[in-house]
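Single-structure report; data block below.
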Amino acid sequence: MTTRTAPSGDDFLADFRTMSGFGATANGGVDRQAASQADAAQRNWFRSILEARGFTVRFDRIGNQWGLLERVPGAPFVVVGSHMDSQPTAGRYDGAYGVLAAAHAAFRLASAWDSNERTAPKHNVAVVNWFNEEGSRFKPSMMGSSVYTGKLALADALAVTDPQGVTVGEALGAHGFLSDWEGPEAAFCAEIHIEQGRSMERDGVTIGLVHSNWAANKYEFVVHGEQAHTGSTVIADRHDALLGASLLVVAAREIADAFPGKVHTSVGQLDVYPNSPVVVPSRVQLLLDLRSADEDALAEADAMLHRRVAEAEKAASVQVERRTSHSWPVTPYQPEGVELAAKAAADLGLPYKEVMTLAGHDSTNMKDLVPTVMLFVPSVDGISHNEHEYTTDEDIVAGLAMLTEVVGRLCDGALED
């Protein structure tokens with residue numbers, strides 16, 4: 001068997017710089033929306049570095065990219081990874097760090113197994129680059145892991161269109177990122193990600209052990225009004241869809257203010273039709289979400305939202321259609337996985353604490369399928385979904401060491417019981 005040299009932190013940082021060049025923006029971020037040309041280019045580059053290390057690279061039926069290292073024929077896999085797709089103007093770290101760290105963790109483990117520095121594993125390793133976690137080009141978010149875990153029907157996902165009418169199936173097929181394969185059998189899962197908040201930086205810890213996720217309710221509302229001339233149509237006769245949508249935007253913020261620190265709300269997207277300067281809009285589509293660690297508070301906030309929807313309909317003389325909704329409760333990660341990660345961090349001498357994730361991640365889907373370990377590294381100033389998103393080299397290299405140890409222990413069967 002060929003002995004591989006374990007990559008150093010410098011090797012990882014060099015690959016991170018190369019990866020960050022795909023879809024690079026002028027202000028230091030990236031634009032790699034799902035199945036775009038930039039996303040395809042970095043996927044092909046990622047394939048090349050995996051294959052150079054002896055991994056078999058495959059794409060599944062929803063375009064998830066897998067790098068397979070099968071050391072135990074027929075055994076299931078420890079799935080480790082995150083996502084490389086991004087928001088339109090995003091930072092370099094969100095998701096992509098976790099995919100590259102997964103690859104380098106697997107490289108290090110392969111080298112240790114080859115040199116007998118670690119005992120032979122009981123499970124194989126599957127490095128994954130999940131498709132369309134961000135949901136910026138195609139909705140919903142976390143699409144690839146949702147299909148893999150059976151939470152979203154494949155046909156429904158492939159039929160989703162982007163704003164230009166291109167379907168997921170067409171976009172993936174154009175790059176050769178589709179097959180009939182359902183993906184590898186998972187035994188366990190691990191993901192590392194930037195925190196996207198300030199708590200770890202504030203508390204001076206290097207590793208966050210995620211013990212549960214916040215609950216969330218996400219809605220797609222369509223406000224229906226009536227097209228009219230902005231100059232000649234008197235105010236009393238207007239059915240202004242944009243006014244109705246604006247009332248919902250304000251309502252979302254006021255609901256959050258009613259639960260200080262407990263409920264987060266946002267409206268991140270508005271699509272206005274016909275979007276002309278002299279036409280009262282007849283239709284506005286918006287995405288509105290509510291999140292909380294307290295499910296009772298979330299339920300109360302949700303009830304407030306629906307009362308405000310009725311008020312907006314009356315005030316703006318419009319109708320509000322709830323087209324789709326997507327929600328998940330507060331659910332814990334397996335405590336034994338948190339304990340395993342705590343022991344690994346202690347053995348490595350890395351300061352750590354338990355945290356919750358406010359954002360959704362592919363691991364929040366995977367933990368409902370197999371025991372899953374979710375790790376964070378700090379975000380400087382908590383900046384995320386922003387070109388100025390930043391985590392220090394020291395922290396991302398420490399996170400790589402932590403992920404390597406966690407995945408190694410999962411491959412050893414530490415959670416089999």
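From a predicted model like this one, the values you see are computed outputs, not experimental measurements.
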Next on the checklist: For Trp181, does the six-membered ring have the charged nitrogen or CZ of Arg58 within the cation-pi criterion, i.e. under 6.0 angstrom from the centroid and within 45° of the normal?
Outcome noted: yes
Taking atom types as modelled and ignoring hydrogens, do the side chains of His83 and Asp85 form a donor-acceptor contact shorter than 3.5 angstrom? yes
Residues 354-377 vs ring-ring contact (aromatic ring centres under 6.0 Å, His included), sequence neighbours excluded, gives His193-His361, His361-Phe376
| query | CD of Glu416: more than 12 outside heavy atoms within 6.0 angstrom? | reply | yes
Report the C-alpha separation of Asp203 and Lys353 in whole Å, then their side-chain angles, then the decisive distance to 0.1 Å, and conclude whether the salt bridge (Lys or Arg N to Asp or Glu O under 4.0 Å) test is met. CA-CA 9 Å; Asp203 294 344; Lys353 73 169 188 174; 2.6 Å; yes
Begin with the C-alpha distance, continue with both residues' side-chain angles, and end with the deciding distance and a verdict on side-chain contact (heavy atoms from CB on, under 4.5 Å) for Val309 and Arg322. CA-CA 10 Å; Val309 168; Arg322 193 177 84 179; over 6 Å; no
Q.
Within the structure provided, determine whether His306 and Tyr219 are in side-chain contact (heavy-atom separation under 4.5 Å).
A. yes
| task | Measure from the side-chain N and O atoms of Asn124 to the backbone N and O of Ala75, and report whether any donor-acceptor pair falls under 3.5 Å. | result | yes
**Prompt:** Is the shortest side-chain N to carboxylate O distance from Arg17 to Asp393 below 4.0 Å?
**Reply:** no
- prompt: Can Thr392 and Glu394 be counted as having a side-chain donor-acceptor contact under 3.5 angstrom?
  reply: no
Do any N or O atoms from the side chain of Ser36 and from the backbone of Arg32 form a donor-acceptor pair under 3.5 angstrom? no
- Message: Strictly below 4.0 Å, N to O, side chains only: are Arg137 and Asp162 in salt-bridge contact?
- Response: yes
Exercise. Given the rule in the side-chain contact (heavy atoms from CB on, under 4.5 Å) test, do Val338 and Val373 qualify, once you have shown the distances and angles that lead to the verdict?
Worked result: CA-CA 6 Å; Val338 178; Val373 178; over 6 Å; no
message: Less than 4.5 Å apart, side chain to side chain, heavy atoms only: is that true for Gln227 and Arg283?
response: no
Consider only side-chain N and O atoms of Ser327 and Lys218, and report whether a donor and an acceptor are under 3.5 Å apart. no
(request) Using a strict cut-off of less than 4.0 Å between a Lys/Arg side-chain nitrogen and an Asp/Glu carboxylate oxygen, indicate whether Glu387 and Arg92 qualify as a salt bridge. (result) no
Tell me whether Asn386 contacts the main-chain N or O of His388 through its side chain, where contact means a donor paired with an acceptor under 3.5 Å.
yes
With a 4.5 Å limit on heavy-atom distance, are the side chains of His211 and Tyr333 in contact? no
* To do: Answer yes or no: is there a donor N or O on one side and an acceptor on the other, between the side chain of Thr149 and the main chain of Ser145, under 3.5 Å?
  => yes
Can a donor-acceptor pair be found between the side chains of Ser384 and Glu389 at a distance below 3.5 Å?
yes
Using 4.0 Å as the upper bound for N to carboxylate O, is an ion pair formed by Arg198 and Asp381?
no
- Ignoring hydrogens and angles, tell me if any N or O in the side chain of Thr357 forms a donor-acceptor pair with the backbone of Ala359 under 3.5 Å. yes
N/O donor-acceptor pair under 3.5 Å between Gln285 side chain and Val222 backbone: no
Report yes or no: does Thr265 contribute a side-chain atom to a donor-acceptor pair with the main-chain N or O of Ala252 at less than 3.5 Å? yes
| query | Hey, does the side chain of Asp395 reach the backbone of Thr391 with a donor-acceptor pair shorter than 3.5 angstrom? | reply | no
Quiz prompt | Within-4.5 Å side-chain heavy-atom neighbours: Leu290 and Asp302 | solution = yes
Contact check, side chains of Asp362 and Glu191, non-hydrogen atoms, under 4.5 Å: yes
Just by distance, do the side chain of Ser136 and the backbone of Gln87 share a donor-acceptor pair under 3.5 Å? no
On a heavy-atom basis, the closest approach of Glu182 and Tyr148 is O-CD1, 3.6 Å
Practice problem: Look at the rings of Phe16 and Phe12 and say which category their plane angle falls in: under 30° parallel, 30 to 60° tilted, over 60° perpendicular. | Solution: tilted
**Asked** Does a donor on one side chain and an acceptor on the other come within less than 3.5 Å for Asn132 and Lys139?
**Response** no
Evaluate the ring planes of His264 and Trp214, with Trp represented by its six-membered ring, and classify them as parallel (under 30°), tilted (30 to 60°) or perpendicular (over 60°).
tilted
Check against side-chain contact (heavy atoms from CB on, under 4.5 Å), Thr161 and Val166 | CA-CA 5 Å; Thr161 59; Val166 178; over 6 Å; no
Using a distance-only test with no angle check, is there a side-chain donor-acceptor pair under 3.5 angstrom linking Glu134 and His385? yes
Strictly distance-based, threshold 3.5 Å: is any side-chain N or O of Ser292 a donor or acceptor partner for the main-chain N or O of Lys262? yes
| If we only count heavy atoms from C-beta on, is the Asp60 to Trp66 side-chain gap below 4.5 Å? | yes
Rounded to the nearest 0.5 Å, the CG atom of Leu410 sits from the SG atom of Cys189 at a distance of 9.0 Å
Counting C-beta onward and ignoring hydrogens, is there a side-chain heavy-atom pair between Val223 and Leu248 closer than 4.5 Å?
yes
ring-ring contact (aromatic ring centres under 6.0 Å, His included) filter on Phe259, not counting sequence neighbours, yields none
Output for pair (Glu201 CD, Ile383 CD1), nearest 0.5 Å, gives 9.0 Å
**Q.** Salt bridge flag under 4.0 Å for residues Arg409 and Glu405
**A.** yes
Can you list the steps and then say if Thr89 with Asp31 is a side chain to side chain donor-acceptor pair (under 3.5 Å)?
-> CA-CA 5 Å; Thr89 47; Asp31 180 357; over 6 Å; no
(Q) Before we go on, tell me: are the rings of Phe22 and Trp45 under 6.0 Å apart, centre to centre? (A) yes
Worksheet entry | Asn365 and Ser146 side chains, donor-acceptor separation under 3.5 Å | yes
Check your understanding: Does the side chain of Met84 come within less than 4.5 Å of Phe46's, by heavy atoms?
Key -> yes
dist Glu295:CD -> Glu300:CD (nearest 0.5 Å) comes out at 14.0 Å
Stepwise, does the side-chain contact (heavy atoms from CB on, under 4.5 Å) test hold for Leu242 with Tyr273? CA-CA 9 Å; Leu242 184 55; Tyr273 182 83; over 6 Å; no
- Message: Quick check: Phe188 with His123 (ring centres under 6.0 Å apart)?
- Response: yes
What I want to find out is whether Lys343 reaches Asp347 closely enough, with some N-O distance under 4.0 Å, to be called a salt bridge. no
Over 60° means perpendicular and under 30° means parallel, so tell me whether Phe131 and Phe138 are parallel, tilted or perpendicular. tilted
